[in-house]
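What you see below is based on every heavy atom in this structure, not just the backbone, and it leaves out hydrogens, waters and symmetry mates. Bear in mind the structure is a predicted one, so any value in this text is a computation, not a measurement. Sequential numbering from 1 along the given sequence is applied to the chain's residues.
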Amino acid sequence: MRQFASIPDRHGITPCTRVEDTLNDESGDEGPEFTEEEVVRLHWWLLQKVRLLSNENTPLADKFEIVRWVFTDPVRDTRPFSFVNCLRVVSCSPLSHLPFLGSLDPQEVRDWIGARLRRWIEATLQQYPDWVRQEVMANPEWVAECLARNPQWLNEEVRRHSVRQDLFS
């Protein structure tokens, strides 16, 4: 059985095409063999990670990583396992856990996520002191970079700040 994904043609129309055609890696590296169903399941698993954005208990480092994946540079949209490719595979494959949806507009999905993102980030930030909330909202890119280098960075800063306040109170 063949699985299908949607890839835009030169006219911007997004017909459904075979998933194996979307997985061609220019690097030429031979990876492990996966069944078509396993590939679709992996795309679905990755897409389900987007739900973590709405959970206030999801760590900021995880949220920023998901946001980078969803809102990546458009040049990367055609790469295997990009957010856009995952949408295409899951919405068009007969092996998907979802009913056939046909082609989805990735920008519409991104816009929907983007419209809710601030509220979701703020819900997580409620668990932090005011100075952390202000810093994250003022410099989200810098905070995201620090968290990408060290997912515990923010917690370490909060601890360091708390210790300083206790020592000099």
Undergrad: Does a side-chain heavy-atom distance below 4.5 Å link Trp120 with Thr58?
TA: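 When only atoms from C-beta onward are counted, Thr58 and Trp120 do not touch, as no gap falls below 4.5 Å.
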
Undergrad: Checking ring-ring contact (aromatic ring centres under 6.0 Å, His included) between Trp69 and each of Phe81, Phe83, Phe64, which is the one that passes?
TA: Phe83

Undergrad: Taking the side chain as C-beta and beyond, is there a heavy-atom pair between Val132 and His161 under 4.5 Å?
TA: no

Undergrad: If you look at every heavy atom in Ile113 and Leu53, which pair is closest and at what distance?
TA: CG2-CD1, 3.9 Å

Undergrad: Under a 3.5 Å distance rule, please check whether Arg133 uses its side chain to pair with a backbone N or O of Tyr128 as donor and acceptor.
TA: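 Yes: the side chain of Arg133 pairs with the backbone of Tyr128.
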
Undergrad: Are side-chain heavy atoms of Leu60 and Leu125 found at a separation under 4.5 Å?
TA: yes

Undergrad: In terms of the angle between their ring planes, are His97 and Trp44 parallel, tilted or perpendicular, with boundaries placed at 30° and 60°?
TA: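 Geometry flag for Trp44 against His97: parallel rings.
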
Undergrad: Please name the pair of heavy atoms, one in Ser93 and one in Val40, separated by the smallest distance, quoted to 0.1 Å.
TA: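 Ser93 and Val40 have their closest heavy atoms at OG-CG2, 3.4 Å.
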
Undergrad: What's the shortest heavy-atom distance between Ser91 and Ser103, and which atoms?
TA: OG-CA, 4.5 Å

Undergrad: Is Ser82 reaching over with its side chain to a backbone N or O of Arg79, donor-acceptor style, under 3.5 angstrom?
TA: yes

Undergrad: Answer yes or no: are there more than 12 heavy-atom neighbours, outside Arg76 itself, under 6.0 Å from its atom CZ?
TA: no

Undergrad: Is it true that atom CZ of Arg118 has more than 12 heavy atoms of other residues, nucleotides or ligands lying nearer than 6.0 Å?
TA: no

Undergrad: Any sub-3.5 Å donor-acceptor pair from Lys63's side-chain atoms to Leu117's backbone N or O?
TA: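 No.
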
Undergrad: Report yes if some heavy atom in the side chain of Leu147 is under 4.5 Å from a heavy atom in the side chain of Glu65; otherwise report no.
TA: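 Not in contact.
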
Undergrad: Which heavy atom in Val70 sits nearest to a heavy atom in Arg110, and how many Å separate them?
TA: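 Taking Val70 first and Arg110 second, the nearest heavy atoms are O-NE, 2.6 Å.
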
Undergrad: Got Leu52 and Asp62 here, is their nearest side-chain heavy-atom distance under 4.5 Å?
TA: no

Undergrad: For Gln152 and Asn155, work out which heavy atoms get closest and say how close.
TA: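 Where Gln152 meets Asn155 most closely, the heavy atoms are OE1-ND2, 3.0 Å.
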
Undergrad: Do other residues, nucleotides or ligands put more than 12 heavy atoms under 6.0 Å from the CD atom of Glu135?
TA: yes

Undergrad: Tell me whether Glu56 contacts the main-chain N or O of Gln127 through its side chain, where contact means a donor paired with an acceptor under 3.5 Å.
TA: no

Undergrad: So, Glu122 and Arg119, do they make that salt bridge, N to O below 4.0 Å?
TA: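 No, Glu122 and Arg119 are not salt-bridged.
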
Undergrad: Are any non-hydrogen side-chain atoms of Trp131 and Val158 less than 4.5 angstrom apart?
TA: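 In short, these two side chains touch, coming nearer than 4.5 Å.
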
